[in-house]
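Have a look at the structure below before the remarks.
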Amino acid sequence: MNNFIRKYYYGDIPEDKTGSNNSDSSQNPPLGGGGAGLWPLWEVFIRSKQGLDHKHAGSLHAADAQMAIENARDVYTRRMEGVSIWVVESKYIHASVPEEAGELYEPAEDKIYRHPTFYDLPDEVKHM
Amino acid sequence: MPNQSTNQLINYLLSNGDNALIIGHRNSEWCGHGPVLEQDIAITNISLDLIGQARNFYQYAASLIGNDSNEDKLAYLREAIEFKNCLLVELPRGDWGFTVLRQFFFSAYQFYLYQQLQQNKDEQLAAITAKSIKEVTYHLRWSSEWVIRLGDGTEESHSRIVKALDELWSYTSELFLPAPYEEKMGIDISGIKDKWIQKVNEVLCEATLTAPSPKNEHTGGKQGRHTEHLNELLKDLQYLQRTYPGMEW
């Protein structure tokens, strides 16, 4: 059980694995002395239009959340891709462990009855 | 031959177009050299916004000039002495601190200017500036945050932006010295100046910076008296059209 909830770090986050709120901001100089190498990595989620979900768009480096949102605006929405942006520091994402893929996902493979594929959809119902 | 008030409008459009083109070109020099990938993209996005604004001003000016004037000729075939941009925008890009502080000064000016111009009685000018003000609002926000970040950052970032502030400050007064062609455009320049000073002081204060006391002021760009830097810039900007006239992509 303990193994299952082990925190699995995602992406090329810096050595310092404390959250940006906990760390001394002077250790993350905006420029010089290593530049973006010292900035934490952020995951970017973009909502392409109202009513749709935010979808993962990619990641980027930024010194803080505000800069991350602005960077995301410049990097990921310059071709009108979005109406809303979420960012979250990559270190706060807990990911499943790839080696456990067998026990996690394979048991679902032979349970096709979990898919709603045994119904005939009327033609009038769209977007399913 | 355009009459006197049309001539004034043409010069005024050129002046606004030149400001946008020249600072846009200066920012574009960061392309591929930005301090980090994300900011490289941010500054080149801003360049493209500004060059797009320049095109709108030039297209309108060209339609008033008539003959076979067009936006390309206005950008690529005028001499430095014909350019009416203020000196602030032609200075070399310097370091990142210099670039963002210059952008901040200029964007704050553009913001309050466009706020007025979007209600101008000339409908075309009003439409151009109303369309552009959203871009400018973002430029102002982006550059303000960088000024604060660097000013209130590390010892090195602070000392660099202090140096930029010392160098740039004496170029800011030209923004508010109306050239003859600006005087009858129905703009309240002193109103713009008051708001600009307030905004600048606000941001500098948050950035733990203080505006230097005014020293000698550099002016003349709006009347075509430029620094040597504009010649250098135009050599680069106009090289292709001058070497291969009429060349297209």
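Per chain, numbering begins at 1; letters A, B, ... match sequence-line order.
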Value rounded to 0.5 Å, distance of CG in L13(B) from CD in Q59(B):
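Between atom CG of L13(B) and atom CD of Q59(B) there are 11.5 Å.
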
Just verifying a value: how many Å separate I22(B) CD1 and N85(B) CG, rounded to the nearest 0.5 Å?
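Reported to 0.5 Å precision, the distance equals 5.0 Å.
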
Sequence neighbours excluded - side chain to side chain donor-acceptor pair (under 3.5 Å) pairs with any residue from residues 123-135 of chain B
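Found Q53(B)-E135(B).
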
Would you mind checking which part of L48(B) comes under 4.5 Å of any heavy atom in chain A, side chain (CB onward), backbone (N, CA, C, O), both or neither?
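Contact with chain A involves the side chain of L48(B) alone.
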
Please work out whether the ring planes of W142(B) and W96(B) are parallel, tilted or perpendicular, with thresholds of 30° and 60°.
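The rings of W142(B) and W96(B) stand perpendicular, inter-plane angle above 60°.
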
For residues 68-77 of chain A, give me every residue with a non-hydrogen atom less than 4.5 Å from any non-hydrogen atom of chain B.
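Checking residues 68-77 of chain A against chain B gives E70(A), N71(A), R73(A), D74(A), V75(A).
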
Non-hydrogen contacts under 4.5 angstrom with chain A: give the residues of residues 191-206 of chain B involved, or none if there are none.
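So far as heavy atoms go, nothing in residues 191-206 of chain B approaches chain A to under 4.5 Å.
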
Sort out for me which of E145(B), R160(B), R141(B) touches chain A most, counting heavy-atom pairs under 4.5 Å.
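Ranked by contacts with chain A, first place is E145(B).
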
Going by the rule salt bridge (charged side-chain N to carboxylate O under 4.0 Å, His left out), which residues pair with R47(A) if we only count those two or more places apart in sequence or in a different chain?
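With neighbours one apart ignored, the set is empty.
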
[X], [atom1]: over 12 other non-hydrogen atoms inside 6.0 angstrom:
{"X": "F176(B)", "atom1": "CZ", "answer": "yes"}
{"X": "W169(B)", "atom1": "CH2", "answer": "yes"}
{"X": "N216(B)", "atom1": "CG", "answer": "yes"}

Would K163(B) and D95(B) pass as an ion pair if we require N to O under 4.0 Å?
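No.
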
Is there a side-chain contact between E89(A) and L41(A) in this structure, where contact means two heavy atoms from C-beta onward sitting under 4.5 Å apart?
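Not in contact.
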
